Amino acid sequence: MDSAVFREERGRLLAALVRRFGDLDLAEDVASEAIEAALVRWPVDGVPDRPGAWLLTTARRRAVDRLRRDRTYAARLAILQVEADRADPAPPADATADLPDERLQLFFTCAHPALPAEDRVALTLRCLAGLTTAEVARAFLVPTATMSKRIVRAKNKIREARIPFRVPGADELPSRLPGVLQVVYSVFTEGYAASSGDALQRLDLAAEAIRLARILRRLLPGEREVAGLLALMLLVFARRDARTGPSGELVLLEDQDRSRWDRPMIDEGRALVETALTGGAPGPYGVQAAIAALHDEAASVESTDWPQIVALYDVLLAMTPSPVVAVNRAAAVAMRDGAEAGLALLDELADEPRLRAYHPYASARGDLLTRLGRAADAAAAYRQALELAGTEPERAHARRRLEEIGDS
């Protein structure tokens, strides 16, 4: 089994162990021990017919051995497990059965609203994506010690608040699922459009988010917003190779070589958009995916269906009012009706506090002002964009625009 398969098995194994023992720390420790044992044994003995069952059996034996050595810990876990079983009774997994897929419970535990947003993302990457604490820390450009404290804090909160390891009931699911989807999308956006650092993209992180969304899609096949989220990420990620130049510089959508876009990924995303938009009122991820599909279907910026994109932004803005959505809509209006119309909408947002530190807003104003021949105002906007940019490619883009309008 290669490392990718082990990572996939680890998530399922961890979920099964948390369901059995009710403790993330214990489950992580014995899951790691079982995988280490497999790495030693399987090259010698051969991969078992049912590797998942082998891992689960080995991990459960390690857990039982540890609990026998620590009676106090075992007693505390037993009490927690009784409480969990009362809230969500389920028969214990047969140790000889194939590894059960209980990752959906783990998704909802890691993304529980009682946890701070940053802790939800960290814990999801650690437990479900299978990243090490050091890898999670690198993904968000913080010291490993800082990320370790964040993950420990989240685990302690789960333990102390008695957060249940279960899938919400049908009455709770509509209110809880958006939080899970937001965690996965947050991972993706940090990977696809990094908030800081030397690189514009962290493709491995974005790819992990897509893998998590695929897991959710398998576990919740009837949830159209899960299909919408996966579609959105696939349709955006399909442009990854064209977003940067040979030296890692930013390449805007209108300048991208569309022959470098990933067409099989676009086709998969478009099929999922149909699922997300069929069977009732669409959700915000489905609408965003539809917008992304219109971009990906167009042969050029000029041939893009801007009226339809503006209409979809109208739907999205009514559904989820947000200044960021309003900025994106203004950019689409500029393509449909001209730079003056788009700039008027951006100027209406000038006093919005949430946009004062939002680099794309300043950059969008600079672009429209340049198109209108207002060089001095454009330079002021690009200087603001340069100050707010989080990554070096974004700063280089702002500097290049300043040079082009003669303000270096």
Side-chain angles (χ1 to χ4, degrees), residues 117-118 121-122 125 129 131-147 150 185-210 232-233 235-258 260-262 292 295 301 323-324 327-328 331 346 354-371 375-408:
E118 61 183 14
V121 173
L125 284 173
L131 273 63
T132 66
T133 300
E135 287 172 332
V136 179
R138 282 198 300 273
F140 289 95
L141 303 180
V142 299
T144 300
T146 300
M147 186 55 69
R150 190 176 295 175
Y185 192 46
S186 295
V187 174
F188 177 78
T189 53
E190 182 60 31
Y192 188 74
S195 58
S196 58
D198 295 330
L200 184 70
Q201 305 178 104
R202 299 175 196 155
L203 297 181
D204 56 341
L205 192 59
E208 282 297 341
I210 290 174
L232 172 61
M233 295 194 297
L235 290 163
V236 172
F237 196 60
R239 309 174 206 144
R240 63 196 178 280
D241 292 339
R243 288 190 71 225
T244 56
S247 302
E249 67 271 20
L250 170 64
V251 180
L252 298 179
L253 183 66
E254 58 263 32
D255 300 320
Q256 290 178 15
D257 178 357
R258 298 185 178 217
R260 300 184 65 198
W261 289 1
D262 188 331
H295 282 297
V301 170
V324 172
V327 169
N328 292 332
L346 289 180
R354 286 171 288 182
L355 295 180
R356 289 173 186 164
Y358 187 56
H359 160 264
Y361 174 72
S363 187
R365 287 194 76 251
D367 175 60
L368 296 183
L369 287 164
T370 300
R371 287 161 57 182
D377 292 334
Y382 278 125
R383 284 195 294 271
Q384 184 183 19
L386 178 60
E387 182 180 343
L388 295 174
T391 66
E392 182 52 38
E394 290 169 330
R395 287 189 287 270
H397 174 76
R399 287 192 293 265
R400 188 165 59 250
R401 286 290 189 257
L402 286 169
E403 290 173 2
E404 290 170 355
I405 60 179
D407 188 279
S408 56

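Model, not experiment: these values are computed from the prediction.
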Query raised in the report: What is the distance from atom CD of Glu394 to atom CG of Leu386, rounded to the nearest 0.5 Å?
Result: 11.0 Å
Query - Tyr185 side chain vs Met233 backbone, donor-acceptor pair below 3.5 Å - result: no
Report task. To the nearest 0.5 angstrom, please state how far the NE2 atom of His397 sits from the CZ atom of Arg395. Result -> 13.5 Å
Query raised in the report: Closest heavy-atom contact between His295 and Trp261?
Result: O-CZ3, 3.7 Å
**Report entry** From CA spacing to verdict: side-chain contact (heavy atoms from CB on, under 4.5 Å), Val236, Phe188
**Finding:** CA-CA 10 Å; Val236 172; Phe188 177 78; 4.1 Å; yes
Query raised in the report: Distance from Arg239 atom CZ to Asp257 atom CG, nearest 0.5 Å?
Result: 14.0 Å
Report task. Is it possible for you to check whether Arg243 lies under 6.0 Å from the centre of the six-membered ring of Tyr192, through NZ or CZ, and within 45° of that ring's axis? Result -> yes
**Report entry** Heavy-atom closest pair, residues Ala199 and Thr391
**Finding:** O-CG2, 3.6 Å
Query raised in the report: Would you find more than 12 non-hydrogen atoms of other residues, nucleotides or ligands less than 6.0 Å from Glu387 atom CD?
Result: no
**Report entry** Closest non-hydrogen atom pair between Gly245 and Val251, with its separation
**Finding:** N-CG2, 3.6 Å
Report task. Could you tell me which residues satisfy salt bridge (charged side-chain N to carboxylate O under 4.0 Å, His left out) with Asp241, sequence neighbours excluded, listed by chain and number? Result -> none
Query raised in the report: For Arg202 and Val187, what are the C-alpha separation, side-chain angles and deciding distance, and is it a side-chain contact (heavy atoms from CB on, under 4.5 Å)?
Result: CA-CA 10 Å; Arg202 299 175 196 155; Val187 174; over 6 Å; no
Report task. Please determine if Arg400 and Glu403 form a salt bridge, counting it only when a charged side-chain N lies under 4.0 Å from a carboxylate O. Result -> no
Query raised in the report: Which atom names give the shortest non-hydrogen contact between Leu235 and Ala292, and what distance separates them?
Result: CB-CB, 3.8 Å
Report summary line: When every non-hydrogen atom of Arg150 is compared with those of Ala122, the smallest separation belongs to CD-CB, 4.1 Å
**Report entry** Separation of Asp262 CG from Phe237 CZ (nearest 0.5 Å)
**Finding:** 8.5 Å
Query raised in the report: So with a 6.0 Å cut-off around CG of Asp198, is the heavy-atom count from everything else above 12?
Result: no
Query raised in the report: Salt-bridged, Asp367 to Arg401, with N to O below 4.0 Å?
Result: no
**Report entry** Gln201 and Arg240: CA distance, side-chain angles, deciding distance, side-chain hydrogen bond (donor to acceptor under 3.5 Å, both in side chains) verdict
**Finding:** CA-CA 8 Å; Gln201 305 178 104; Arg240 63 196 178 280; over 6 Å; no
Query raised in the report: Looking at Arg260 and Ala242, what are the two nearest heavy atoms and their distance?
Result: NH1-CA, 4.0 Å
Query raised in the report: Any side-chain heavy atom of Val327 sitting closer than 4.5 Å to one from Arg365?
Result: no
Query raised in the report: Distance-only, no hydrogens or angles: does the Ser363 side chain make a donor-acceptor pair with backbone N or O of His359 under 3.5 Å?
Result: no
